[in-house]
Amino acid sequence: MPELPEVETTRRGLLPHVEGKLIKAAVVRSRALRLPVPRNLARTLAGSTVRNIGRRGKYLLFDCGHGTLIIHLGMSGRLWLVNATVQPQRHDHFDLVMASGKIMRLRDPRRFGLIVWQRGDALAHPLLRDIGPEPLEADFDGAWLYRNTRKRSGAIKNVLMDSHLVAGIGNIYANETLFSAGIHPGTQAQRIGLARYQVLADEIRATLTRAIAAGGSSLRDYVGSDGQAGNFQKNFKVYDRAGAACFRCAAPLRMLRQGQRSTFYCARCQK
DNA sequence: CGCCAGGCCTGCACGC
DNA sequence: TGCGTGCAGGCCTGGC
């Protein structure tokens, strides 16, 4: 589930129940995530107060003052709030038990997510240190994309998903924003000019902003009760729509493999 | 059964 | 030589 908008939606949903709140305890049920969960994490967290929840790309940053709890949801991870009476199920690897009685619970069937602890500056962590600008911050724009792709011979679709160029663009939003910008996913990144990168950067900003706003509408269900996305609207224009009619020109959308990921596009609208 | 899935790090080969 | 870059592999489980 988690693309950047879902991670941001999760962050906002957790905020009122976690930020400024005292941690009573933490429970680690499985240490075997993409990286091993630190052994003494429960002891480190107990008695701390979460000062705020930040986000860098798709990493959530729980600032505890003396260090930061960094959580990534991987492919299948989900964080939500439960009451103490809700029994953990299979794949519920981690609980943050707040003094209020609320529990922030991590469920991650595929275990591609991770939980690490960083003392001091969280952004100095090796996982975060070299990540590119946030797509919704002011330092990200078409000029940045243009400047940093002059030697990139790879396909723009793959280059866009490189978190060192720009943070948090996954497979879905790479597909969606290239369609919106009218750029063929196979185009070599270095052959795209400044003007087209400006269109692309604007589309990235607009698409993510809209998706976060839409995520917000299903937020209460998502974070508050059973963690299910419910009737979360997936009005993707191209993603997972191979063979279906392009919303813009009605031509059938196509699919191809780039890297080991599926790409969806319109051969008529994207050049 | 085989194949696919919203991520992303690592290691290797290659070219400048 | 030392990089930046491109690409495949791998971590897991579940659903079709």
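Keep in mind the model is a prediction, meaning the values are calculated, not measured. Proteins get letters first, then strands, A, B, ... in listed order; numbering begins at 1 in each.
Among the protein residues, A:Arg261 comes within range of the nucleic acid bases, having at least one heavy atom under 4.0 Å from a base atom. A:Tyr173 comes within 4.0 angstrom of nothing in the nucleic acid, heavy atoms only. Contact annotation for A:Leu127: backbone-only contact, meaning every heavy-atom pair under 4.0 Å involves sugar-phosphate atoms and none involves a base.
At distances below 3.5 Å, not a single donor-acceptor pair connects side-chain atoms of A:Gln188 with backbone N or O atoms of A:Gly154. With A:Arg110 contributing its side chain and A:Ser76 its backbone, the two residues share no donor-acceptor pair below 3.5 Å.
Proximity note for A:Ser153 (side chain, C-beta onward) versus B:dC9, C:dT5, C:dT13: the nearest is C:dT5. Taking the side chain of A:Asn171 as heavy atoms from C-beta on, and the options B:dG7, C:dG14, C:dC12, the nearest nucleotide is B:dG7. Among the nucleotides B:dG7, B:dG6, C:dG9, the one closest to the side chain of A:Gln260 is C:dG9. Closest to the side chain of A:Tyr59, from the set B:dG6, B:dC9, B:dA5, is B:dC9.
One can place CE of A:Met161 at 12 Å from P of C:dC7, the figure rounded to the nearest angstrom. Remark: P of B:dG7 and CZ of A:Arg78 are 14 Å apart, rounded to the nearest angstrom. Spacing between atom CZ of A:Arg34 and atom P of B:dG7 amounts to 11 Å, rounded to whole angstrom units. Here the P atom of nucleotide B:dC8 and the CG atom of A:Leu60 are 12 Å apart, to the nearest Å. A:Leu33 has its CG atom 16 Å from the C1' atom of C:dG10, to the nearest Å. Rounded to whole Å, the distance from CG on A:Asp130 to P on C:dT5 is 12 Å. Spacing between atom CD1 of A:Ile115 and atom C1' of B:dC9 amounts to 18 Å, rounded to whole angstrom units. When rounded to the nearest whole Å, the span between CD of A:Gln190 and C1' of B:dC16 equals 13 Å.
Atom P of C:dA8 sits at a distance of 15 Å from the matching atom of B:dC4, rounded to the whole Å.
Phosphate proximity of C:dG4 to A:Arg152: absent, as no side-chain N or O sits under 4.0 Å from OP1 or OP2. Proximity of A:Lys58 to the phosphate of B:dC8: a side-chain N or O atom is located under 4.0 Å from OP1 or OP2. Considering only side-chain N and O atoms, A:His72 lies nowhere under 4.0 angstrom from the phosphate OP1 or OP2 of B:dG7. Residue A:His164 has no polar side-chain atom (N or O) positioned under 4.0 Å from OP1 or OP2 of B:dC8. Using a 4.0 Å cut-off, no side-chain N or O of A:Ser76 falls inside it from OP1 or OP2 of C:dG14. Residue A:Ser262 has a polar side-chain atom (N or O) positioned under 4.0 Å from OP1 or OP2 of B:dA5.
When each of A:Ala32 and A:Ala155 is assigned the nucleotide of DNA chain C bearing its nearest heavy atom, the one mapping closer to the 5' terminus is A:Ala155. For the pair A:Arg110 and A:Gly168, both in contact range of DNA chain B, the more 5′-proximal nearest nucleotide belongs to A:Arg110.
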Evaluate the ring-ring contact (aromatic ring centres under 6.0 Å, His included) criterion for residues A:His66 and A:Trp117: first the C-alpha distance (whole Å), next the side-chain angles of each, then the deciding distance (0.1 Å), finally the verdict. CA-CA 10 Å; A:His66 59 116; A:Trp117 176 259; 5.1 Å; yes

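Remark: ring of A:Phe112 does not overlap the six-membered base ring of B:dC8 in a stacked fashion, as centroids less than 5.5 Å apart with planes less than 30° apart are not both met.
Here the closest non-hydrogen pair linking A:Cys266 and A:Cys249 is SG-SG, 3.6 Å.
No hydrogens or angles considered: nothing links the side chains of A:Asn175 and A:Lys237 as a donor-acceptor pair under 3.5 Å. Side-chain atoms of A:Arg257 and A:Ser262 include a donor-acceptor pair closer than 3.5 Å.
Across all strands shown, C:dC12 forms no Watson-Crick or G-U wobble pair with both distances under 3.5 Å.
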